[in-house]
2 protein chains.
Amino acid sequence: MKKVTINSVASHAGVSKKTVSRVLNNEPNVSAATREKVLAVFKELDYTPNPIARGLAQNRSFIIGCLYDNPSKSYITRVQTGALEACKENNYNLLIHPCEFRGEALINNIEQLLQTSRLDGIVLTPPFGDFAELASFLKSKKIPYARVASALLQDDSISVRSNDEQGAFEITEHLISLGHTSIAFIKGHPDHSATQQRFKGYRRSLASHGIEFDERLVEEGNFSYHSGVDSARSILDLCPRPTAVFASNDYMAAAVLKLATQRQLKVPDDISIAGFDNAPIARHIWPGLTTIAQPVEEMTKQAVTQLISHIAQPQEQPYQVTLESRLITRESTSAIK
Amino acid sequence: MKKVTINSVASHAGVSKKTVSRVLNNEPNVSAATREKVLAVFKELDYTPNPIARGLAQNRSFIIGCLYDNPSKSYITRVQTGALEACKENNYNLLIHPCEFRGEALINNIEQLLQTSRLDGIVLTPPFGDFAELASFLKSKKIPYARVASALLQDDSISVRSNDEQGAFEITEHLISLGHTSIAFIKGHPDHSATQQRFKGYRRSLASHGIEFDERLVEEGNFSYHSGVDSARSILDLCPRPTAVFASNDYMAAAVLKLATQRQLKVPDDISIAGFDNAPIARHIWPGLTTIAQPVEEMTKQAVTQLISHIAQPQEQPYQVTLESRLITRESTSAIK
DNA sequence: TAAATTTATGACACCGGTGTCATAATGTAA
DNA sequence: TTACATTATGACACCGGTGTCATAAATTTA
């Protein structure tokens with residue numbers, strides 16, 4: 001079985017390869033009759049253009065890179081799912097590239113990535129979207145990029161996020177509405193802009209109810225389950241013990257739940273626990289975690305879709321969108337007794 | 001800043017592009033002096049070859065595809081991690097391709113994938129490694145592939161697996177050693193060969209202790225958390241209730257744990273629970289799950305490494321390896337009272 | 001020292017597409 | 001009917017590498 005290329009199609013249809021190329025790319029100036037004829041040969045020979053050859057000619061790879069460095073595997077999976085949907089719809093492929101955020105090696109690492117794979121664009125997932133040096137590096141290399149779930153910036157970048165501050169506000173409101181006033185907070189990774197946002201939302205809610213902010217109730221986490229365990233220990237050791245804990249993501253909340261349960265505390269009777277993200281674990285444990293659901297897949301999908309259309313045709317106005325998150329109440333929070 | 005290509009290097013070094021190409025690929029028949037000179041120009045101009053051009057000339061994409069259809073996100077993440085390590089070491093890239101196992105559309109889907117991305121090879125993760133039609137399709141298309149965690153076959157394919165049967169045997173032995181004789185079993189997804197293997201190991205252990213196999217203690221799951229909930233319901237409703245449950249993966253085991261806890265049962269005092277895979281959730285919940293740890297990353301890494309070296313130079317003998325798994329005991333299992 | 005090998009090098013076609021530009025075919029205005 | 005636009009088409013260079021083969025230079029052999 002011979003390989004079928006644009007040349008075989010051309011000779012079969014009795015036209016030049018350029019005409020075949022025109023049909024392929026829906027270019028104008030092809031007569032209806034010719035187009036039909038070529039399309040028929042496509043069918044007959046079962047032709048599909050070679051993306052590598054195409055890439056060489058157009059200096060494009062039809063590949064989007066996805067950068068991540070995130071302790072939450074489920075978050076990564078969701079990001080990938082959204083990115084893949086967008087890629088699929090546009091005949092792009094997704095190349096995944098985990099890499100360490102810290103260290104001056106990052107830029108070199110990315111440079112190498114670009115050299116070895118000629119990506120058409122890059123999706124920056126948290127915390128990469130907030131790293132200004134990276135953004136300006138990519139700009140200097142003229143590599144289009146899109147930021148997912150990162151802070152709002154006054155620039156021309158593509159950015160899709162959700163309102164972390166508002167989400168954190170709402171879940172804190174929920175706890176307060178249940179009668180809680182001593183609410184511990186576990187921060188996320190300091191490199192992530194969401195960390196500051198969620199903290200702000202927590203404080204805003206407290207403030208709006210005249211509850212005094214208490215430094216001692218705040219623990220530094222980093223979004224990992226392990227950091228949640230450490231934070232949980234400190235919080236559960238407090239005297240008096242807070243009646244509720246709001247962790248900046250579900251993994252850390254799960255850690256609090258585990259430790260509390262280990263210590264024979266009843267959740268939510270003895271202590272309410274809230275998380276953030278609506279990760280799978282939030283519903284895989286008992287009691288299920290009250291949390292904030294964010295449309296991670298949708299955010300990423302929109303970001304990548306925009307990125308791809310930007311690659312095809314650079315836009316004037318930046319695409320910056322904030323999607324809604326929503327409160328999901330489960331069994332881990334209840335009214336104070 | 002002009003693009004630096006093989007041509008610019010050639011003219012800079014005062015040699016032909018073919019000579020540059022020789023240096024690039026470590027081909028013989030280049031004098032030491034010339035080689036030095038060219039290498040110096042590489043440095044000077046900061047040259048890296050364009051992989052797309054290379055790909056066109058050699059009909060290679062330097063991309064490995066990773067096929068999956070698995071309800072366990074953490075499993076996918078681990079597979080990706082291992083595959084990425086192997087790719088990184090060999091300057092390959094990884095393209096991820098989730099796709100539905102069921103349906104006659106699968107082959108078409110893969111065909112399309114191959115046409116749009118010209119993969120150099122494919123890693124088949126469970127359950128794809130056990131799908132004979134797919135294997136023969138890939139063979140007919142001359143696409144090299146490697147099978148991860150699939151059944152041992154008497155063929156010439158690259159295959160890295162772990163011993164599911166033995167793992168299941170050992171964890172059942174563990175339960176029996178704790179005094180359990182009424183051990184429920186939740187099967188995995190019927191399409192996965194691991195499902196049969198784990199079931200076999202369970203039965204072998206029972207048999208080796210003269211414990212009669214009881215059909216009523218066996219539930220059909222599919223590896224998803226949700227299926228675990230359904231199975232758990234049936235099992236916990238049994239009269240008399242089994243004293244232990246062995247679920248074919250940790251997600252289903254976690255579901256049993258959740259339901260049992262919801263029903264006020266104490267784990268492990270009232271019922272012991274064991275899982276399989278050592279997924280993150282196994283240690284994120286309380287009590288932690290006794291389970292079997294499999295080297296998923298290592299399996300995949302070896303498979304992809306072999307795949308890549310096979311692509312570079314087709315091997316005569318098949319690479320078929322079985323790695324060891326090991327029992328991890330946590331708090332979810334204890335001696336019967 | 002001449003002939004026969006071996007090694008080093010370059011010219012050129014090729015991979016399979018796309019971009020540019022010239023030209024042929026067709027349609028429209030004068 | 002002629003002049004002028006417009007549309008359709010193809011020839012050919014090009015993207016940036018690699019493969020083949022001829023030939024020049026260096027080395028060995030006779």
Side-chain angles (χ1 to χ4, degrees), chain A residues 1-39 41-42 45-63 91 114-118 120 311-313, chain B residues 1-39 41-42 45-63 91 114-118 120 311-313:
Chain A
M1 195 176 70
K2 280 267 301 134
K3 251 183 307 186
V4 29
T5 73
I6 200 170
N7 289 300
S8 32
V9 172
S11 63
H12 243 78
V15 297
S16 70
K17 48 192 286 203
K18 180 64 217 188
T19 298
V20 177
S21 171
R22 287 201 182 88
V23 174
L24 216 46
N25 295 285
N26 278 311
E27 283 174 32
N29 299 335
V30 179
S31 73
T34 308
R35 170 161 280 134
E36 293 289 303
K37 195 167 53 181
V38 172
L39 288 173
V41 177
F42 283 175
L45 301 186
D46 195 20
Y47 169 74
T48 42
N50 180 330
I52 298 184
R54 232 174 181 174
L56 179 60
Q58 301 184 136
N59 197 25
R60 298 173 62 178
S61 62
F62 297 94
I63 296 177
N91 287 313
L114 294 174
Q115 283 166 349
T116 64
S117 53
R118 310 277 157 149
D120 287 352
I311 290 165
Q313 191 165 43
Chain B
M1 195 177 75
K2 279 269 301 139
K3 252 183 307 185
V4 29
T5 72
I6 200 171
N7 290 301
S8 31
V9 172
S11 61
H12 244 78
V15 298
S16 72
K17 51 192 284 202
K18 179 65 217 188
T19 298
V20 177
S21 171
R22 288 199 181 89
V23 173
L24 216 47
N25 296 285
N26 278 312
E27 284 175 31
N29 300 335
V30 180
S31 73
T34 308
R35 170 161 280 135
E36 294 290 305
K37 197 167 51 181
V38 173
L39 288 174
V41 178
F42 282 175
L45 300 185
D46 194 23
Y47 170 73
T48 40
N50 180 331
I52 298 183
R54 232 174 182 174
L56 179 60
Q58 301 184 136
N59 198 24
R60 297 173 65 179
S61 62
F62 297 94
I63 296 177
N91 286 312
L114 293 174
Q115 283 166 347
T116 64
S117 53
R118 308 278 157 149
D120 287 352
I311 290 165
Q313 192 166 40

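Proteins come first, then strands; the chains are lettered A, B, ... in the order of their sequence lines, and each starts at number 1.
In this structure the side chain of B:Val9 reaches within 4.5 angstrom of the side chain of B:Leu45, judged on heavy atoms. Between A:Arg35 and A:Val38 there is no side-chain heavy-atom pair separated by less than 4.5 Å. When side chains are defined from C-beta on, B:Phe62 does not count as touching A:Ile52, because their heavy atoms never get closer than 4.5 Å.
Distances were taken from every side-chain heavy atom of A:Ser16 (C-beta onward) to each of D:dA11, C:dT18, D:dG19; the shortest belongs to D:dA11. Closest to the side chain of A:Asn25, out of C:dT18, C:dG16, D:dG17, is C:dT18. Residue B:Glu27 has its side chain nearest to D:dG19 when only D:dA11, D:dG19, D:dT9 are considered. For B:Gln58, the listed nucleotide lying nearest its side chain is D:dG19; candidates were D:dG19, D:dT9, C:dT18.
When rounded to the nearest whole Å, the span between CD1 of A:Ile6 and C1' of C:dG19 equals 12 Å. One atom, NZ of B:Lys18, and another, P of C:dC14, lie 15 Å apart when rounded to the nearest Å. Distance CD1 (B:Ile52) to P (D:dT18): 14 Å, rounded to an integer number of Å. Rounded to whole Å, atom C1' of D:dT7 lies 13 Å from atom CZ of A:Arg35. Straight-line distance from the CG atom of B:Leu24 to the P atom of D:dG19: 11 Å, rounded to whole Å. Between the C1' atom of D:dA24 and the CG atom of B:Asn29 lies a distance of 14 Å, rounded to the nearest Å. Atom CG in B:Asn7 sits about 8 Å away from atom P in D:dC15, given to the nearest Å. Atom CG in A:Leu56 sits roughly 17 Å away from atom P in D:dA13 (whole-Å rounding).
A:Thr19 OG1 to A:Leu24 CG: the interatomic distance, rounded to the nearest 0.5 Å, is 12.0 Å. Atom CZ of residue A:Arg118 and atom CD1 of residue A:Ile63 lie 12.0 Å apart, to the nearest 0.5 angstrom.
Along DNA chain C, the nucleotide nearest to B:Pro28 and the one nearest to A:Ser21 differ in position, and the one closer to the 5' end is contacted by B:Pro28. Nucleotides of DNA chain D nearest to B:Arg22 and A:Arg22 differ in position, and the one nearer the 5' end is that of A:Arg22. Closest-nucleotide positions on DNA chain C for A:Pro49 and B:Gly14 were compared, and the one nearer the 5' end corresponds to B:Gly14.
Close to C:dA8, at under 4.0 Å from its OP1 or OP2, lies no side-chain N or O of B:Ser31. Between D:dG16 and B:Lys3, a contact under 4.0 Å exists linking OP1 or OP2 to a side-chain N or O.
Within 4.0 Å of A:Val20, counting heavy atoms only, lies no atom of the nucleic acid at all.
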